[in-house]
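Computed from a predicted structure; not experimentally measured. All chains are named by letter (A, B, ...) in the order of the sequence lines, taking the proteins before the strands, and each is independently numbered beginning at 1.
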Amino acid sequence: MPLEKVTRVAGKGVYVPGDDIDTDRIIPARYLRCITFEGLGEFLFYDERKHEDGTDKSHPLNDSRHRDAVIFLSGENFGCGSSREHAPQSIYRWGIRAVIAESFGEIFFGNSTKLGMPCLTASAGEINKLAAEIKKNPELQIEIDIISAVVSYGDYTFQAGFPDGVRHSLVEGRWDPLAELLEGAKEVKQVAASLSYFNT
Amino acid sequence: MSENLYNKVWEAHAVRRLANGQTQLLIGTHLIHEVTSPQAFSMLRELGVPVRYPGRTFATVDHIVPTDESEEPYSDKLADEMIKALRVNCDEFGITFFDLKSGKQGIVHIIGPELGITQPATTIACGDSHTSTHGAFGAIAFGIGTTEVRDLLATQTIAMDKHKVRRINVDGELSPGVYAKDVILHIIRVLGVKGGLGYAYEYGGEVFDRFTMDERMTVCNMTIEGGARCGYINPDDTTFRYLKGRPYSPKGPAWEEAVENWRSIASDPGCAYDDVVNIRAEDIAPTVTWGINPGQALFIDENIPDPENCPEEQRASIEEALAHMKLEPGSPIRGTHVDVAFIGSCTNARLSDFKEVAQYLEGRRVADNVKAIAVPGSQGVGVLAEELGIAQVFRDAGFEWRNAGCSMCLAMNPDKLVGDQLCASSSNRNFKGRQGSPTGRTVLMSPLMVAAAAVTGEISDAREVFDLQITAGA
Ligand code: SF4
């Protein structure tokens, strides 16, 4: 099954400030009681967005001006905590197609890539500047060129951080590694045979 | 050439280089549970791909299991559905499942070691970030997402980048009342919750040499809270003694061979690391968290930080944490009122954790208005605790003694905080809402500190409450 080549993400942005935003906050554990990922979008940041009676709190994602944002901005160590793929799944299913943060939890970063959702790094300065522009003009069109990892808006551009390997996977439409992993079956068998614990 | 364990184990399991530069890494042992696996099995079915090496995957149920009901169907229909899905998946794909009636069910990171499935010189993955626990045996063990669970089921491999390795030495002697939990909370406090990004942690030094396997597991368990995806300890005689005779441990001549291999995989003297950190055991006191991530911690004698006196860039997150925790800046953490006391989780729910607490808890009573629950990490731990009279000590003191599971560590089951209750907890995450109530508050600490909080009704110094000799402290 050929995958989409992710070479460009463009559209509106939304900024959710904070450092160390963990996966429990991105999607509370009670919404993991499911056997598919379908419908997880509506639980994104649920407890941050909703009061206990289900009414809306003030939150950037509840702001109708940001509802169709595709680029998500946050602070340091975004997505730290658990390995739950439900976290990037809920972000993706909300409609987000790329995340820009100062740094990422490692498992979250990998999970996002494997959904075809790039996670790019940028300095606090660049993120704050872009967030301020979004605040001024929520309609601001932002473009991320995945090939060069250059982010542009208005007449401003900056270079984001994006590891070569991940970029390659996305740009070539090979972000789902399963097909390639399956091709290595023969070598896998050889390595497995060399490990005594594997064969008991 | 001298080499560290991480690089040796990596080399032994590296299959080939992928087009994007990542490594196709063989995962020798795959553990699964009910929360992060169902979608992976569905994807396999959709693709029509079988499980490549079903004998190398082991399953159990832990997260959603109610700990106070023992008969199915459970009152929680979703929980019931998830358990049934795992049963069907294991059955269809030929995977060993330590089900509720097996006597071997428990938190995946507790039963792997207990059954001898977790072994040195192996690679271990599970759709669960606390898979780092298994590194205590000298394995490269880490959490993966559900798409990777699918990859692993289908190919026994995943696409992975190699980590740098940071050696963390803790030398000297821990004082009475200072536990493995305090050591790891202290390490995270020193290095920060993102200090480990891109690293594997190798723990060593005199303190780790003396630690039991249970203590080593407590430390490795929380490695991910410091941002490192895996952490390990070189295997030694303590490791081998623990593993000998366990159900899945090698037997007969294979045992001798395995031990020889395990010894050879340990980091060589003088090998290189990308970074080295040294910590003195004497500098560590009983530690508790005050905030909303595990790095926001302090010694029991310290005061809660005041954002006014903190560096500008930390101020916002400290204020956010204090607002959630409803704590007074600048005031002592000790004396904070506690509503719930929880001893459990993959960090601290092994037999030794309950045994240590029981010797001090005997003859004491949980304070009025504190709900105290003790949840063994596995059915095996539960049975032994009953046999040794430990469970009864907890009950007599006013704890509820429950069935094995994750319980209030993440509250996917009925064990939850209510409203803004404050919980003294032996678990590993104090994230907002972690224990089931969006406004609930979690204070992480060692099991004995939880017991001290339970009997006094407030955050207390276990060394005073239980009359331990205080020789260190901040
Ligand atoms: S005890 Fe807690 S941290 Fe451990 S596996 Fe269960 S939910 Fe995760």
Tell me, out of [options], who's got the most heavy-atom pairs with chain A below 4.5 Å.
options                               : result
B/Ile64, B/Thr131, B/Val193, B/Thr29  : B/Val193
B/Ile144, B/Ile224, B/Ile292          : B/Ile144
B/His163, B/Lys416, B/Met160, B/His63 : B/His163

Heavy-atom cut-off 4.5 Å, strictly under: side chain, backbone, both or neither for [X] against chain B?
X        : answer
A/Glu183 : both
A/Tyr31  : neither
A/Ser82  : both
A/Lys189 : both
A/Glu172 : neither
A/Leu195 : side chain

Note to self: Pairing donors with acceptors under 3.5 angstrom, does anything connect the side chains of A/Ser169 and B/Asn20?
What the structure shows: yes

So, does [X] use its side chain to make a donor-acceptor pair with the main chain of [Y] at under 3.5 Å?
X        : Y        : value
A/Glu85  : B/Thr147 : yes
B/Arg429 : A/Gly81  : yes
A/Glu180 : B/Ala19  : yes
B/Gln24  : A/Leu181 : yes

Check: Do you know which of A/Ile35, A/Val191, A/Asp20, A/Asp19 has the most heavy-atom pairs with chain B at a distance under 4.5 angstrom?
Finding: A/Ile35

Next item on the list: Give, for atom CZ of A/Arg33 and atom CG of B/Asp76, the distance between the pair rounded to the nearest 0.5 Å.
Entry: 4.0 Å

Notebook entry, point to check: Salt bridge check: are A/Arg25 and B/Glu320 linked by an N-O gap of less than 4.0 Å?
Noted result: yes

Item checked: Stacked cation flag B/Arg56 on A/Phe198, 6.0 angstrom / 45 deg -> yes

Margin query: Ignoring hydrogens, what is the shortest heavy-atom contact between A/Gly184 and B/Val15? Give both atom names and the distance.
Written below: O-CG1, 4.4 Å

Notebook entry, point to check: Minimum heavy-atom separation for B/Gly198 to A/Glu106, with atom names?
Noted result: N-OE1, 3.7 Å

